[in-house]
Amino acid sequence: MAPDDIRTKLLTLLTTIAPDIEPASVDPARDLREQFDFDSMDALHFAAAVSETFKIGIAETDYPQLASLESARRFVAASLARPQAGST
Amino acid sequence: MRTQFRLPSLGADMESAILTEWLKKPGEQVRHGEPLATVETTKGLIDLESYDDGQVLEQLVPPGTQVRVGTPLASLEVAGIGGAAQATPGAQAAPVTPGADAAEAPPLDASRPPSGAAAPAAAPHEATATHARISPAARRRAHELNIPLTEVERAAAGGIVRIDDIERLAAAPKPAPTVDARAAMRATIGAAMARAKREIPHYYLGHAVDFGPAREWLTLHNAPLPVQARLIEAVLLTKAVALAAARLPGFNGYFRAGGFEPSTAVHVGAAIALRGGGLVAPALLDADRKDLTTLMREFSALVTRVRAGHLRSGEFTAATITLTSLGADGVDVLYPIINPPQVAIVGAGGVVDRPWVRNDEVVVRPVVTLALAGDHRVTDGRAGAGFLRAVADLLAHPEAL
C-alpha cells in the first residue's frame, strides 16, 4: 500500500473515532494526546480501528508507535511489509 | 391515564433546551427508557427517555423551539400506576408560570427513572435567586426572541434586567457560534461548581496507591486479546470506586432538601474532557455489579457518544458518585469538586513511577495518588479515609474486581 493511501485511511479512521476533530486541523507529526487531548479511551479506539482496518496485530507495547498519524503510518507500513503480518 | 411529558432538568443549573427532533410520532408506542425526543443543551445533544410505557397522543412543541425546564413537550396515554406516580399534581391544568417552572420539573422518581437511578432536580431556591434579577416581561420577551437566559444574565452583570435590555441584546451582533457554545459550557460548569463550593462543606483526603498489581494484571489480561477487547486502567479504577461506594455508607447518593438520600444503586459518573473545552460526567450504570468486560464496553460506548456529542437523558443525570481521572497527563494529584447533589468525588492523578518502600526496601513502582472530596454534612475525614483505603485494597487485588 502506498504511503499516501495509508495516510488517508488513518486520517479517516481518526475522524471516525473522534468526529469532533476537524480533518484539516490535524498535524500528522504531532502527538495526538498533546494535539487533541486524546485520553486512554480515544487511544484504544484508534488502535482498535487501525488493527481492524489494516488487519494487523498491535501489542500494548506498540501503542506508543500510534502516538501521531505519521508514526502510525510508519508502524502500519512496517507491519504490512512483514510476511507473517496477519489478522490478530 | 393521560399524562404530560415535560422537559426534565438535566443538571442543577439547566434552564432551558432547544427541542431539535421528535423521535416518536403521535400514535406511536413508546416504552420506558426509550428516547422520545432530542434536545440541544450547552452540553450537547441529549435524547430524552420516556419514564413510562404508553402511547404518544400529541406533540406540544415543534422542533426548533427553545423550551424551559418543566415545559410540557408531549401528552402521553400511559398504562398502569407507574404513570400515575409520575404525574405532577395539577400538572395538566396549571400553566407554567415564570419563576416556578424549574421547581415544577417532574421529579425523576428514584424508583422508576429511565435508567434505574434518581436524578438531580433543580434546586428551587436557585431558580428564585436567578429569576429575581430579570423582570417577568423581560423574561417573556427573551423567550420570544430565543435569547438564552444565561446570556441575559451575563449581560445583566448583577443589575435588574428590563424589557428594553432584552431588545438591545437581540439587536446586538452575535458572536461566532463556537465561541458562544464554549462560553455557554463554561457558564454551566461555573454555575454548578460555584454552587458546589458555596453549599458543600468539602473535606479532602489523599492516598498514594501502588498501581503495580493492577497494571501487571491488566498486561496479562490484555496480552492475548485483540485491541477492541482490551481493558484500560480507568475501568479498574471505576470498578474499585463503585465497589467501595457500595460497601461503605455516606458516599453514594444525593444531598437534597436538607438531607442525605443514600442510593442502593451505584452509578459512577465518568468525567470526560471535551475537546472544545469543558467536560461532562455521564454515568456508568450499576458499575458495582458489572464485570470489567461489560463495564469496559459501556464506558467505550459512552465515550463514543460523548465524542459524537449525543448523550441520553438517563445517563446524563444518573450518577450517584463521580470519578475523575487525569490518566496520562502526568500530574500527581487532582483535587476534585463535588458535583451536586452528589456527596463524594474521587480524583485520580496520573500513574507515575515513584520510589516505594516494600519489605524494607526501596523499589520503583507505578503509583497513583487518589484524592477524595467528601461532604462534611454526611461524612467525616475518618470515614473518608476508610473509603480511600477500601479503594486501595480493591486495586491491590485486581483479579477480584
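Naming convention: chains lettered A, B, ... in sequence-line order (proteins, then strands); numbering from 1 in each chain. Quick caveat: nothing in here was measured; it's all calculated off a predicted structure.
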Residue part contacting chain B, namely of A/Glu52, when any heavy atom lies under 4.5 Å: side chain

What part of A/Ala59 gets within 4.5 angstrom of chain B, counting heavy atoms only: side chain, backbone, both, or neither? backbone

Would you name the heavy atoms of B/Arg307 and A/Asp39 that are closest together and state the gap between them? NH2-OD2, 3.2 Å

Residues passing the salt bridge (charged side-chain N to carboxylate O under 4.0 Å, His left out) test with A/Arg74, sequence neighbours excluded, are A/Glu70

Please report the shortest heavy-atom distance between B/Met296 and A/Met41, naming the atom on each side. CE-SD, 3.6 Å

Name the region of B/Ala273, side chain, backbone, both or neither, that has any atom closer than 4.5 Å to a heavy atom of chain A. neither

Rounded distance (nearest 0.5 Å) linking atom CD of A/Glu60 with atom CD1 of B/Ile232: 10.5 Å

Evaluation steps, side chain to side chain contact (heavy atoms under 4.5 Å, CB included), between B/Val227 and A/Tyr63: CA-CA 10 Å; B/Val227 184; A/Tyr63 286 177; 3.8 Å; yes

Under a 4.5 Å heavy-atom cutoff, which of B/Asn222, B/Thr304, B/Ile272, B/Leu225 has the most pairs with chain A? B/Asn222

For A/His45 and B/Ser300, run side chain to side chain contact (heavy atoms under 4.5 Å, CB included): C-alpha distance rounded to whole Å, both residues' side-chain angles, the deciding distance at 0.1 Å, then the answer. CA-CA 8 Å; A/His45 285 166; B/Ser300 172; 2.7 Å; yes

Between chain B and each of A/Pro19, A/Ala49, A/Ala18, count heavy-atom pairs under 4.5 Å; write down the option with the most. A/Pro19

How long is the span from the CG atom in A/Asp37 to the CG atom in B/Leu279, to the nearest 0.5 Å? 11.5 Å

So, are B/Arg275 and A/Asp20 salt-bridged, with charged N and O less than 4.0 Å apart? yes

